[in-house]
Amino acid sequence: MSGHGGAKKTASTRAIQALSLLVTFGVLYGVTRVTPELESHLGTVAAIGFLLLAGTLMSELLETIGLPHLSGYLAAGIVGGPHVLHLVDHHTVQELSPINTLALSLIALAGGAELRLATVRSVARSLAWATLIQSLMVLVCMSGVFLVMSRFLPFTQGMTFKALIGVSLLWGVLAVSRSPSACLGILSQTRAKGPLATFSLAFIMFSDVVVVILLATTMMLARPLITPGGSISFEDFNVLGHEILGSIAVGVTLGLGLSIYLRLVGRQLLLVLLAIGFGLSDTFAYIHVDSLLAFLAAGFVVQNLSDQGEKLLHAIEQTGSVVFVVFFATAGAHLDIPLLKRLWPIAVTLCASRALLTVIAGRISGRIAQDEPLLKRWGWSSLVSQAGLALGLSVVIIKAFPSLGEEFRSLCIAGIAINEMLGPILFKFALDRAGETDTHAPEVRPSLAPPAP
Amino acid sequence: MNAIAFLLGLLVLSYVGSILVGGRTIRGFGLASGAEYLVLGFVLGPQALSVVNRSLLDTFQPVVLVGVSWLGLVLGVSYLRVGLRKVPWQHALLGIALSAVVSACVSAAVLFSAERFTKLPRLELVAFAAVAGLVCSETTRHSVRWIAERHGAKGPLSDLSADTARASALFSCVSLAIVNAWLPGAALPTFSVLGRVGVSLGLGVVLGFTAALLLGREFRRDESWGILLGTSLLGTGAAARLNLSPISTTFAMGLTLALVSRHRLDIKAMVTPTEKPVLLPVILLAGAYVNVKLPAMLLVLVAAALIVKIAARVLCGAALAATVPAARNVGLELGAGMLSSGALGLAVALAFVVRHPGVVSDAVLLLAALGVLVGEWLGPGALRRALTLAGEIKVEEPPAVDAARPSLETRG
């Protein structure tokens, strides 16, 4: 993700960007109209180029009205995606899943590397209270809201009250999940530094682990409520314990290995990160290790047990400047706009309730933890975004409870879509208001070009 | 072997490639054309050990496409300069003319033989002859660079060799655009062949201008990567979707950047180090794609094309010796020295395999691969001899024996 700030862009620069965006859309529009039926790898190559270029340009143009770059990437994906201009079709969006795997691994690595032990200690009290209150309050209250709203949902009609409680609890867990990718995306773009940025990052990374545990617990409790004849099985905890400990162990090993490489060799980090992102993600899935947690642990080890953290972060930023654009633009293309149109009243109500509860929980935890006024006021702002993690959890729930069907998943997607679009805007707004965004120009490489006459 | 393992293997190869161009480099290390990776690819491929099977290769077709197109971009961006030195237009024209002559000789020979000795349909026959000529027309600039860096060659003949080798890329890239536009299956059926060639190259020019405009006044490396990758991938994908020539599109894009961008040197400095890391996996994939189980007549044609290529290069060398002062007295050696081929020839052949799969494209790829091996065998040695004869490589005298030191005889 390109850095924020830099020299003020003139009107002519913006005009060039707008013109280039038109050319980008025009080229792919023309090509897809000439060869509309093509579903092959060739479409994928063009789609990656289009998403990268259109995402970059759209983010630059939306920056003029104060929107974060991430919104620009999403907007490019939505406009070019299967539901608007159909420049990138469903098949191509599916084909881009390896990019998502790579991006998520980089996000987790960067997330871990951003967590410096000293700074985590400095917000430990706030973190503990916020985690407790945000998790419990959002989980319980959103379950209640869902229960009340269930009478308007077609797929809950005919369910027993017990089953409704089970489904509501699952919805509550989904509401607790946040978006590490959106948080890191905004922090990377704005280069924000300060208590709000530190707290948000630490909270979101920590909440990943909390959500995984909460989900397992809730699924264990919901099973006898939703599935007739189902019973509570502590075996789930056994499996979960193994997975979490295994992930941390693997992550620590990877982190130590990376630290040694960075210290002894320290070159070609782009290729090393690609190999880790593509190769290890699949290996982790095969050995039932949670890749997000493992990469998080690896990044944390590099930052806190070696002096190579900055080098790793710099390498991830360089690689991510391309990968993250495609990742978020693909997420935009993935948004099911017709579904959103159909379910928007319920989805908006649920999202608004979640946002409101997040704000209230943030204020309460801030007061209890005696946070500084800035955190009391804006501490909640990064917690509205949802993206890949929430989508992943919804898939896990559907797999475990197939009786909930596609409509439950559709509602999840609709809700996540709204949070995905609005959350980053809120967070950037809060960082700007808190005065934590960097206003210094990013490093400009000295040009080899001869000076203009 | 599964796709992830193979991808990791390719990344390792990229890593090796990046070491070869890195800071503490072993410049002049390995073979000039990368022939060893070609052989490795063949050994791992479906024709030998079958570690990499055909379906896996098909999965990696987009990687091939992106790799060869990126090479096109690198060639375009660095077309006008060798290092920081501009290529004189006379040398560029000479390089293009030499490529055209060699290509024409090989094409004519293949067409003549194939018409008489094979029963290929007319279309296949012409396509075979045309692309066979193209893959033989290149002289890899790596060979010249390899000699220069290993032996410290410097002088007018070194410059001439480097310039003509660099200039030969234009002929292959533009001609491939014509062949792809002419072959059946191209989109835009209402367009003439010339129109489709215009779309192939025009797309690259438009994207090149777009990238140049976006790179704007100040040069930021992070943003520049996004713009360069975005425009080149868009151009590659768009040209491939239209069944045109992606390598020609990206070459045109690179050349446009080299001509109009005020950051042409920055861009060249950015993309040139990526060449080797992209090149080695592409050469390995090319090796894996090579199919030697072809009809006997096609194998004979491939051998004939190779012989004609050698003869044409030697004759070109002789012609150079007669007309260019720097090449006087070294004509034959220079001609043979310009036999080295590599990345571009293989890239053109690979692009043809993707665009027009079948025995004819397999024969073209085999010709390109054999061209690399034969070129590697004859080329660098001949070029070194030519440069030594021209006095541009200093032959080091063996260290003088110290008279005061007792000889073995006296000691014994």
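Chain naming here is simple, since letters A, B, ... match the order of the sequence lines and numbering starts at 1 in each. Side chains included, hydrogens not; waters and symmetry mates left out as well; all remaining heavy atoms used. Quick caveat, the model's predicted, so the values are computed rather than measured.
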Answer yes or no: are there more than 12 heavy-atom neighbours, outside [X] itself, under 6.0 Å from its atom [atom1]?
| X | atom1 | answer |
| --- | --- | --- |
| A/H288 | NE2 | no |
| B/F209 | CZ | no |
| A/Y29 | OH | no |
| B/R85 | CZ | yes |

For the student: nearest non-hydrogen atoms of A/A275 and B/L8, plus distance: O-CD2, 3.6 Å
Smallest separation among heavy atoms of B/A238 and A/A46, with atom names: N-CB, 3.9 Å
Test side-chain contact (heavy atoms from CB on, under 4.5 Å) applied to A/V45 and B/V63, B/V66, B/L234, the passing residue: B/V66
Backbone of A/T35 reached by a side-chain donor or acceptor of B/R241 within 3.5 Å: yes
Out of curiosity, [X] [atom1] to [Y] [atom2], how far, rounded to the nearest 0.5 Å?
| X | Y | atom1 | atom2 | answer |
| --- | --- | --- | --- | --- |
| A/L19 | B/T210 | CG | OG1 | 7.5 Å |
| B/L228 | A/L53 | CG | CG | 10.0 Å |
| B/L10 | A/L274 | CG | CG | 12.0 Å |
| B/I227 | A/L52 | CD1 | CG | 9.0 Å |
| B/L214 | A/L21 | CG | CG | 9.5 Å |

[X] versus chain A, the contacting section by heavy-atom distance below 4.5 Å:
| X | answer |
| --- | --- |
| B/L7 | side chain |
| B/V206 | side chain |
| B/L188 | both |

Proximity of residues 277-284 of chain A to chain B, residues having a non-hydrogen atom under 4.5 angstrom: A/F278, A/G279, A/D282
Heavy-atom proximity to chain B below 4.5 Å, by part of A/L51: neither
